[in-house]
Amino acid sequence: MVPRALTIAGSDSGGGAGIQADLKTFQELGAFGMTALTAVTAQNTLGVSGVWPLPPDAVAKQIEAVATDIGVDAAKTGMLFDSAIIEAVAEAVRRHGIEKLVVDPVMIAKGGAPLLKADAVEALRRRLLPQALLVTPNIPEAEALTGLAIRTRADMEKAARAIVAMGAKAVVVKGGHGDGETADDLFYDGARVEVLSAPRVATRNTHGTGCTFSAAVTAALAKGEDLLDAVRIGKAFITAAIREALNLGGGHGPTNHWAYRTKSGS
Ligand SMILES: Nc1ncnc2c1ncn2[C@@H]1O[C@H](COP(=O)(O)OP(=O)(O)O)[C@@H](O)[C@H]1O
Ligand SMILES: Cc1ncc(COP(=O)(O)OP(=O)(O)O)c(N)n1
């Protein structure tokens, strides 16, 4: 069978994040990519200049169209924008029995533009997290979900435990926003705590890192990898993509989605 991966996310016209990053990543890892678009953004490496959400019904219909015909081995969510879209996605995921669901709780773009309404955090917490096989917040997102301040490794673990207590099966609290020598992410699945570490790359070309990481994990899950192995593949994929990031545009350039394949020689 061809591994089938679905992304439920927003469009980034600049091609570095959102649905575009997800499809490139799926393709690179050998999964057949499908999309349910939640919003259109006008965006480039300098920031977001417009956001147009889709009607919740349109999002649900797209999920139904692919799930009832092609089938979904694993799915991820990215930019969901508001609580009505979150409700529609949660219901569609439940109805179509999508079990391998990665929730990337996208809230704010690197340039500071809000990609999720403030009052939608509660819907994310209540409706989507309990259906997630994996949640992948960065530090500010983990703080918003838990209400905890995160400064140390122990804080990351505390937040991870709180997110699993909300109903998610597992979580990776990503450490990309730190400033140490290494970019350390903390995985927790209710039993094991595991730190995934990689050398921190000194670059400002990090647009779309979170989308790319969660898409790589989703592709690996669609291919049948177990959860921790899928997270390790995601970490290797994003590390290569950041190491070979592309100096495009005048702001935060995109990561390099073909770096992992060319470096690993597969
Ligand atoms: N400069 C960097 N060097 C190496 N890895 C990084 C760097 N920045 C982010 N990462 C990694 O990229 C992944 C995405 O993390 P992050 O950038 O925090 O997500 P987001 O885009 O959601 O803010 C994580 O695995 C993180 O450790
Ligand atoms: C349409 C869209 N979705 C998600 C994001 C955020 O992507 P992320 O991977 O968190 O990267 P940054 O924007 O923080 O660089 C986005 N920008 N646009």
Side-chain angles (χ1 to χ4, degrees), residues 5-29 31-55 58-59 62 75-82 85-86 89 102-117 120 136-141 174 176-177 183 200-219 234-235 237-263:
L6 168 66
T7 169
I8 305 165
S11 165
D12 167 12
S13 51
I19 283 232
Q20 289 80 357
D22 296 344
L23 280 182
K24 291 174 194 181
T25 303
F26 291 166
Q27 183 78 11
E28 288 296 312
L29 285 170
F32 179 73
M34 300 169 286
T35 61
L37 198 62
T38 57
V40 173
T41 71
Q43 186 174 175
N44 57 25
T45 68
L46 299 168
V48 178
S49 52
V51 174
W52 297 270
L54 262 67
V59 179
Q62 293 172 79
K76 64 155 279 187
T77 64
M79 172 186 180
L80 296 175
F81 192 67
D82 63 20
I85 294 177
I86 292 171
V89 169
V102 177
V103 173
D104 183 7
V106 171
M107 293 182 190
I108 297 174
K110 235 158 227 118
L115 301 177
L116 182 74
K117 288 187 171 168
T136 62
N138 61 27
I139 300 278
E141 289 159 355
K174 299 172 296 191
H177 290 236
R200 182 175 297 281
V201 181
T203 177
R204 68 174 185 158
N205 299 324
T206 55
H207 176 56
T209 47
C211 300
T212 300
F213 171 72
S214 56
V217 176
T218 305
K235 183 67 173 172
F237 190 97
I238 190 59
T239 302
I242 295 171
R243 203 181 293 134
E244 306 286 322
L246 303 171
N247 199 20
L248 294 171
H252 293 289
T255 71
N256 181 333
H257 292 96
W258 62 84
Y260 177 77
R261 176 170 45 94
T262 51
K263 292 289 170 205

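The minimum heavy-atom distance between G33 and F26, with the atom names listed, is CA-CD1, 3.6 Å. Across M34 and L23, no two heavy atoms sit closer than the pair N-CD2, 4.1 Å. The minimum heavy-atom distance linking G16 with A21 is given by the pair O-CB, 3.3 Å. Of all the heavy atoms in G234 and A216, the pair that sits closest is CA-CB, 3.7 Å. Taking each heavy atom of T239 and K235 in turn, the nearest pair found is OG1-O, 2.7 Å.
Checking side-chain atoms of T45 against main-chain N and O of G250 turns up a donor-acceptor pair under 3.5 Å. For K174 (side chain) and T136 (main-chain N/O), a donor-acceptor pair under 3.5 Å exists by modelled atom type. Formation of a donor-acceptor pair under 3.5 Å by the E244 side chain with backbone atoms of A241 is not found in this model. S13 contributes a side-chain N or O that, together with a main-chain N or O of Q43, makes up a donor-acceptor pair within less than 3.5 Å. A donor-acceptor contact shorter than 3.5 Å is absent between the side chain of N256 and the backbone of A245. For the pair S214 (side chain) and D104 (backbone), a donor-acceptor distance under 3.5 Å is absent. Under a 3.5 Å cut-off, the side chain of R200 and the backbone N or O of G176 do form a donor-acceptor pair. With hydrogens and angles disregarded, a donor-acceptor distance shorter than 3.5 Å links the side chain of T262 to the backbone of A259. Looking at D22, its side chain never comes within 3.5 Å of a backbone N or O of T25 through a donor-acceptor pair. Under a 3.5 Å cut-off, the side chain of T38 and the backbone N or O of A9 do form a donor-acceptor pair.
Residues L80 and V106 fail the side-chain proximity criterion, which asks for heavy atoms closer than 4.5 Å. Side-chain atoms of T41 and S11, non-hydrogen and from C-beta on, never get closer than 4.5 Å to each other. Within the 4.5 Å cutoff, the side chain of C211 has heavy atoms near those of the K76 side chain. Using a 4.5 Å cut-off on side-chain heavy atoms (C-beta onward), I19 and L37 make contact.
Considering CG of L54 and CD1 of I85, their distance stands at 7.0 Å, rounded to 0.5 Å. Taking CE of M79 as the start and CE of M107 as the end, the distance is 13.0 Å to the nearest 0.5 Å. Here I8 contributes atom CD1 and T218 contributes atom OG1; the two are 10.0 Å apart, rounded to the nearest 0.5 Å. Remark: F81 CZ to K117 NZ distance equals 5.0 Å, nearest 0.5 Å.
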Practice task
Would you please test K110 and T209 for side chain to side chain contact (heavy atoms under 4.5 Å, CB included) and show each step?
Solution key: CA-CA 10 Å; K110 235 158 227 118; T209 47; 3.2 Å; yes
Practice task
Could you check H207 against T255 for side chain to side chain donor-acceptor pair (under 3.5 Å), going step by step and ending with a plain yes or no?
Solution key: CA-CA 6 Å; H207 176 56; T255 71; over 6 Å; no
Exercise for the section: Go through the steps for N205 and L246 under the test side chain to side chain contact (heavy atoms under 4.5 Å, CB included), then give the verdict. Expected result: CA-CA 7 Å; N205 299 324; L246 303 171; over 6 Å; no
Exercise for the section: Verify side chain to side chain contact (heavy atoms under 4.5 Å, CB included) between E28 and W258, making sure each step is shown before the conclusion. Expected result: CA-CA 7 Å; E28 288 296 312; W258 62 84; 3.8 Å; yes
